[in-house]
Protein chains: 4
Amino acid sequence: MADKIKKIAVLTSGGDSPGMNAAIRSVVRTCAYMKLECIAIYRGYQGMIEGDFKEMNARSVNNIINKGGTILKSARCEEFRTPEGRQKAHAQLLKNNIDGLVVIGGNGSFTGALKLNDEFNFPVIGIPGTIDNDILGTTYTLGFDTAINTVVDAIDKIRDTASSHNRLFFVEVMGRDVGHIALNAGVGAGAEEILIPEQNLGLDRLLDSLKRSKASGKSSSIVIVAEGDKTGKNVFELKEYVEEHLPIYDVRVSVLGHMQRGGNPTCFDRVLASRMGVKAVESLIEGKSNYMVGIRDNQLILTPISEAIKAHTAIDEELVRVSDIMST
Amino acid sequence: MADKIKKIAVLTSGGDSPGMNAAIRSVVRTCAYMKLECIAIYRGYQGMIEGDFKEMNARSVNNIINKGGTILKSARCEEFRTPEGRQKAHAQLLKNNIDGLVVIGGNGSFTGALKLNDEFNFPVIGIPGTIDNDILGTTYTLGFDTAINTVVDAIDKIRDTASSHNRLFFVEVMGRDVGHIALNAGVGAGAEEILIPEQNLGLDRLLDSLKRSKASGKSSSIVIVAEGDKTGKNVFELKEYVEEHLPIYDVRVSVLGHMQRGGNPTCFDRVLASRMGVKAVESLIEGKSNYMVGIRDNQLILTPISEAIKAHTAIDEELVRVSDIMST
Amino acid sequence: MADKIKKIAVLTSGGDSPGMNAAIRSVVRTCAYMKLECIAIYRGYQGMIEGDFKEMNARSVNNIINKGGTILKSARCEEFRTPEGRQKAHAQLLKNNIDGLVVIGGNGSFTGALKLNDEFNFPVIGIPGTIDNDILGTTYTLGFDTAINTVVDAIDKIRDTASSHNRLFFVEVMGRDVGHIALNAGVGAGAEEILIPEQNLGLDRLLDSLKRSKASGKSSSIVIVAEGDKTGKNVFELKEYVEEHLPIYDVRVSVLGHMQRGGNPTCFDRVLASRMGVKAVESLIEGKSNYMVGIRDNQLILTPISEAIKAHTAIDEELVRVSDIMST
Amino acid sequence: MADKIKKIAVLTSGGDSPGMNAAIRSVVRTCAYMKLECIAIYRGYQGMIEGDFKEMNARSVNNIINKGGTILKSARCEEFRTPEGRQKAHAQLLKNNIDGLVVIGGNGSFTGALKLNDEFNFPVIGIPGTIDNDILGTTYTLGFDTAINTVVDAIDKIRDTASSHNRLFFVEVMGRDVGHIALNAGVGAGAEEILIPEQNLGLDRLLDSLKRSKASGKSSSIVIVAEGDKTGKNVFELKEYVEEHLPIYDVRVSVLGHMQRGGNPTCFDRVLASRMGVKAVESLIEGKSNYMVGIRDNQLILTPISEAIKAHTAIDEELVRVSDIMST
């Protein structure tokens, strides 16, 4: 089986995340080390359909381990959602004698990989690249560690000005469906309250908490709000609500936005990407397909992609409790 | 004259800016060095009215040179705008035997200082602390250098993701009346276009520039928009306008917000603050009043506060031109 | 049992590490949340002997979660190594009605805690605070994540100048007995070779690797050397050796030194510290003693201190292999 | 005269400094804007002799404004010091139809440029790229602002651990002949004493200062030492000297080394580089030669290269005094 793989392709797809370049580098260098050919596919599945391919060698990935974003670009691709699109894509893979594919991305990207495997029996291995850390089968996704540090750095700055004026800030962070960034960065930044999609404790609790906080003598308060929080109010509406019901506060809003996706990856994300790239290539060599590489208990593991995309990772209840205690 | 000054007070007022703590430290330590007493006034003019004073010595300001915000807090104070409020404030200064005052802040804070001097002949010296860099009489205000680095760091991150998806970003930065942050950070971040309050070149020019940019093969574009830009559209409306008239672009918006006010001051701001604090105390000792300390040609200078608050610093036309050339 | 604990003390000991302040904050706030009294002991065991104690409440630890170092100071203490010293220390604990102790530190600090427990049956719980990540019973120690990011940031800067001049750099990082910092930061920084105390592959291998690297067209090379590497040569001697045997290289040396111990903790270290502090206090409340809090598979666990101090954590062989592959 | 210039070459030479890439980008883009051809010369004068040239267009310099080092590489070149070497170099310039040259570097690089002009009447303009800030004719050189921030960030980290252990640190920073980095970063980092090549106040003064510092209750002290300080002792010998004569201190040493040359340029350096690149190209177009672009009072100015290389910039006595006052 193992001797079948001679040429491996790699692509990035979906939202970009810090560490993707380190993972690309790892796939390319592992291929070089294993004497395999390596092909980069640009712009994800769109580039696969169009044959936007480039041969890579060990030197092609010099000086990218520390760069955010993805040198292979990323794109959404409607055509790949159609059987015709996937047929074109598969034809390009065959035409270029590619024996296996490494897909770096999130749930949507993995769904595409799964179809490629199901319909054409094409060997695919996934590497979880997303800042949301919401993929089953891995404790950490690539880019999550960088993103929470970016958020914490931004909130450290906001706290400077919040403390100087005794203000309350609502800070919106990424997370439409999951609150991992909000919860981790919120604990890391010493947030007063953290509003996440996974639980809605109600606005009364928020007001109570803010009242207690003021009474206890805190000079400033930061409330972290994930994009998908379930209070039914966005950060601007929350500001108005609190100003109306708790006029003791001078309230401000900050929406951190897309900077959360960028930045030089942390050491953690670079090491994780390097390890996952090796594992992905080795798994293809071993004849495995349809798995996602993950990390658990500091060991690399494989999870069937079909399992990985079934649901989002649940929120860590212990960390929710730690957050409550820390805002004493 | 000089031997009249035995006790100096210092306060911060208005919006906080990185470097204020370094300036407070400098005032306190210079007093200690000169064997003067030093009093900190908390919460700006509000604290002056309320007598929220604290004696400081050289050790009171340990480990603050590298902290953003202001340990003396800042606050807006309506009462100080009234003659009665200022009378109370002056009474507090007399009661505490204070002979001179250093005010760290922006235009509004200086206007207050000016009144204190005009009405009670009380010696005041100003230190320009604002991220906006809009005060006449100084090439640099405290906090400006830190703020433009914060903006540039954020845009570097945004560019990672912009390049990965070939996107156009509108990034809003601080600057209601002046475009210094937008212009400097825009050049520093390699922005395609920079929209500032000082000039309105019209939306057609923006569309032309973006068309040219796309045609020239740029993979991403960043447009910096100062809060007070004069196109008549905010960043969100600009996004809609461009998407409608230039559908070749996938457009996103980011509003950097209050993080621009915080963060550890840069070396430049720390050194500037240290120098200005010395000069402020020395000026009071020399019997000067009603001046603002500024820096020009790397030399500290004094400008009458009445001059400093007359107008905003004009935009640097040479830098506007550099920006145009760089976006070739 | 649980109702016996009414007052808990916390100290930091040994080399400081980023995250110690976040752990102190967590212990203090958890005590406040649980309605326990909390006492800070300054300067480690030395302060314990001298009774350098201070009552803490939830507000005592405001604004320290993001600070490097330890507000409780740390010190080595010869006297505590004697039975008389420990008796004095214990007497101070009794005199102050302290029911349990949280020790934040490394192996040496834990050995002290163990003796306190063995000799006086005094309840102690340890939190592993050291940048070395060498303590059995936890996948991560507090400060390790920050330290590897500090090293990687420094090497990213060194690589700028190395690449500009096609130079070879030997970079010495901390690690007298273990190579965890060297190995992780080396992979994260894309090092050519990583010399660690746990293995000595010989100088010939180093020369071979550097020759191959040059031949393959790399424009610069970074070799990471842990303080305790086993080649028998320090970084300066390595430089001379390579210059003599491989004159194709222009070699430079950089010793990163104590900056590796400082800096604002990363989000990872802040969250870990917050979680560990809660667990430590809860463990004392539950009547446990003589355990160290650790993290494994993202779950907090307890390990007997006697186990934790038995040996250093072994190097990760998989990561050694990843490092080899990445330097292709 | 102006219509003579159709093709401009740019090179970097000597020690690299952050902002060189931004200056290269500016030269290239200004040429594109002015419809001139632009040639990059790799590896400084060595590449000029060897004809290591490459055509550049506006897109060749995408995404380098924020990168440390120099994409054109730098190298020392013995051959260029000989008349024969310079003849070869000039022949390459002629062969490639180059009409003018922009040299980005320090004193040594400018001396080379001067000879090229003197011997062959070849138009040259210099841009001061060095972290040392020691070149006459400009208040700031490219890279200085980045370097002092790198030093200050490192010392902020060192102070964390210094304060935790009540230690004294000697920190060596770059500066063989000049103390600008030491003085500015020292003031910015709040150093106790700053030892620079320009003055030697003697070891007694150092001991006195450290005694006073201890007596005043400071918890830690940092002494900055420029490489070329004139006490006659290096940092390691200073440590021994102080430990012998002032045993109250636990002393440590840190040598910051080459990381001071790297790192992403600050906004200040990027803006300065962009402005200087425009000015350099415009000066060549205007028929000027043998000038260095500088900045004074925030205006770009030209200084004859022969003046610029005559001496080092003198140390700022006012800042020396500020440093003394701040360490009260």
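Computation of the quantities below employed the complete heavy-atom set of this structure, encompassing side-chain atoms and omitting hydrogens, waters and symmetry-equivalent molecules. Note that the structure is a prediction, hence the values are computed from the model and not measured. Proteins get letters first, then strands, A, B, ... in listed order; numbering begins at 1 in each.
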Can you tell me which portion of C:Ser216 sits under 4.5 Å from chain A's heavy atoms? Options are side chain, backbone, both or neither. both

Under a 4.5 Å heavy-atom cut-off, does chain A meet the side chain of C:Asn149, its backbone, both or neither? both

Is there a side-chain contact between A:Val278 and C:Glu318 (heavy atoms, below 4.5 Å)? no

Drop me the distance from C:Asn66's CG to A:Asp160's CG, to the nearest 0.5 angstrom. 8.0 Å

In short, A:Asp297 meets C:Arg296 closest at the heavy-atom pair OD1-CG, 3.4 Å

Looking only at non-hydrogen atoms, find the nearest pair between A:Asp324 and C:Tyr33 and report the distance. O-CE1, 4.3 Å

Best-contacting candidate, C:Asn62, C:Val271, C:Asp269, C:Asn264, against chain A by heavy atom pairs under 4.5 angstrom: C:Val271

Among C:Ser274, C:Ser327, C:Pro265, single out the residue with the greatest number of heavy-atom pairs under 4.5 Å to chain A. C:Ser274

Could you tell me which portion of A:Lys218 (side chain, backbone, both or neither) has an atom closer than 4.5 angstrom to a non-hydrogen atom of chain C? both

Segment of A:Leu319 engaging chain C (4.5 angstrom heavy-atom cut-off): side chain

Looking at A:Met326 and C:Ser26, what are the two nearest heavy atoms and their distance? CE-OG, 3.2 Å

Looking at A:Arg321, A:Arg59, A:Arg29, A:Lys279, which has the largest count of heavy-atom pairs under 4.5 Å with chain C? A:Arg59

Answer with side chain, backbone, both or neither: which region of A:Asn184 has an atom nearer than 4.5 Å to a non-hydrogen atom of chain C? both

For A:Ile65, which atoms come within 4.5 Å of any heavy atom of chain C: side chain, backbone, both, or neither? side chain

Do you know the tightest heavy-atom contact between C:Ala185 and A:Cys267? CA-SG, 3.9 Å

Hey, is OH on C:Tyr291 packed in by over 12 heavy atoms from elsewhere, all under 6.0 Å? no

Measure distances from A:Thr139 to the heavy atoms of chain C and classify the residue's part below 4.5 Å as side chain, backbone, both or neither. side chain

What part of A:Asp316 gets within 4.5 angstrom of chain C, counting heavy atoms only: side chain, backbone, both, or neither? side chain

Of A:Thr30, A:Ile148, A:Asp156, A:Val28, the largest count of non-hydrogen pairs under 4.5 angstrom with chain C goes to A:Asp156

With a 4.5 angstrom heavy-atom cut-off, could you sort out which part of A:Ala22 is near chain C: side chain, backbone, both or neither? neither

Does any heavy atom of chain C fall under 4.5 Å from the side chain of A:Asn63, the backbone, both, or neither of them? side chain

Ranked by heavy-atom pairs below 4.5 Å to chain C, first place among A:Leu272, A:Val61, A:Thr266 goes to A:Thr266

Select one option (side chain, backbone, both, neither) describing which atoms of A:Val187 are under 4.5 Å from chain C's heavy atoms. both

